[in-house]
Amino acid sequence: MYEQAITQYLQTHKYSSISLKAVLFDMDGVLFDSMKNHAAAWHEAMQLYGMTLSPEEAYLHEGRTGASTINIVSLRERGHEATEAEIKEIYQTKSDIFSRLAKPERMPGAYEVLLKIKQEGLIPMVVTGSGQKSLLDKLNHHFPDIFKPELMVTAFDVKYGKPNPEPYLMALRKAGIQPNEAIVVENAPLGVRAGVAAGIFTVAVNTGPLPDKTLLDEGADLLFPSMPAFNEAWETFYSEL
């Protein structure tokens, strides 16, 4: 069922096999149903500073650093990048708005597939652009005994955010593995691009409003319509690796 996608990946990267040891998960939109809140917070914050970033466009920027997102919009609408002080203020405003919204729920299907991955003896890892101080507590609360702090990549671990491959290359380094010993699970176009650029088999799960083509055009090796669909397909997919 998935043999063609796997064969194409192996031929492209000149590997003989995928010897899976770790599964690298993006967080927002994959483990947590949080992207609609992020999109709404970005939209409201930008409006407060006289700029426009629609909720739909926010999904296209998912995975970028906050500074990068702010500068893209500032350049487009004001003709110049934001100052460091402006970036700090706008991003804090966005964070404050996000924190006032309802707490995001665990993404359906995420915990179930993580349990299967753990049972296979594979390493589950989080690779996120988030810099939340309470990140580990949040993950431990919703996904008990799944993630280890030393096997996480956050905004504090990298210089460049997605779509740069650095976050996923850092995950490989932390786990001590090669690109053909992992898969990436992403919902964002820029995250897919980062996983593909790191040379890792990249699974897209379309949990947001973007058309499938947006994720496939970034090079996703496989696409599922949701995390429950990925969870349901896991056994078959894993058996074909």
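Taking a cutoff of 4.0 Å between a charged side-chain nitrogen and a carboxylate oxygen, R106 and E112 do not qualify as a salt bridge.
Remark: L114 CG to M107 CE distance equals 12.5 Å, nearest 0.5 Å. The CG atom of L215 sits 6.0 Å away from the CG atom of L223 when rounded to the nearest 0.5 Å. Taking CG of L24 as the reference point, atom NZ of K174 lies at 12.0 Å (rounded to 0.5 Å). Taken to the nearest 0.5 Å, the CG atom of L115 stands 5.0 Å off from the CD1 atom of I146. Here M35 contributes atom CE and D28 contributes atom CG; the two are 7.0 Å apart, rounded to the nearest 0.5 Å. Remark: M1 CE to L222 CG distance equals 9.5 Å, nearest 0.5 Å.
Among residue pairs with one or both ends in residues 231-241, those qualifying as salt bridge (charged side-chain N to carboxylate O under 4.0 Å, His left out) are K116-E235; sequence neighbours excluded. Under the salt bridge (charged side-chain N to carboxylate O under 4.0 Å, His left out) criterion, the residue pairs touching residues 182-200 are K162-E186, R193-E218, with sequence neighbours excluded. Each ring pair (Phe, Tyr, Trp, His ring centres under 6.0 Å) pair with one or both residues in residues 158-201, not counting sequence neighbours, appears once here: Y9-F201, F201-F237.
Side-chain contact between L139 and F32 is present, with heavy atoms from C-beta onward closer than 4.5 Å. At a threshold of 4.5 Å between non-hydrogen side-chain atoms, the residues E86 and R78 count as touching. Using a 4.5 Å heavy-atom threshold, the side chains of I90 and M51 count as touching. With contacts defined as side-chain heavy-atom distances shorter than 4.5 Å, the pair Y59/P209 qualifies. Inter-residue side-chain proximity for R64 and L190 is flagged as met; some heavy-atom pair is nearer than 4.5 Å. With a 4.5 Å cut-off on side-chain heavy atoms, M227 and V113 count as touching.
Between the side chain of T207 and the backbone N or O of G29, at least one donor-acceptor pair lies under 3.5 Å. A donor-acceptor contact shorter than 3.5 Å is absent between the side chain of N140 and the backbone of D145. No donor-acceptor pair under 3.5 Å is formed between the side chain of S74 and the backbone N or O of I72. S95 contributes a side-chain N or O that, together with a main-chain N or O of Y91, makes up a donor-acceptor pair within less than 3.5 Å. Between the side chain of N206 and the main chain of S226, no donor-acceptor pair closer than 3.5 Å is present.
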- Query: Could you go step by step and tell me if Q178 and Y15 meet the side chain to side chain donor-acceptor pair (under 3.5 Å) rule?
  - Reply: CA-CA 11 Å; Q178 299 301 310; Y15 290 123; 5.8 Å; no
- Worked check of salt bridge (charged side-chain N to carboxylate O under 4.0 Å, His left out) between R173 and E166: CA-CA 10 Å; R173 198 171 308 131; E166 186 188 8; 6.0 Å; no
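When the salt bridge (charged side-chain N to carboxylate O under 4.0 Å, His left out) test is applied to K94, no partner is found at least two apart in sequence or on another chain. A search for salt bridge (charged side-chain N to carboxylate O under 4.0 Å, His left out) contacts involving K138 returns nothing, not counting sequence neighbours. Contacts of D96 classified as salt bridge (charged side-chain N to carboxylate O under 4.0 Å, His left out), with partners at least two apart in sequence or in another chain: none.
There is a path of hydrophobic side-chain contacts, each under 4.5 Å, that joins L10 to L241.
The aromatic rings of Y238 and W234 sit parallel, their planes meeting at an angle under 30°, below the 60° perpendicular limit.
Under the 6.0 Å cut-off for aromatic ring centres, F98 and H38 qualify, their centroids lying closer than that.
For Q8, the CD atom is loosely surrounded, since the number of other residues' heavy atoms within 6.0 Å does not exceed 12.
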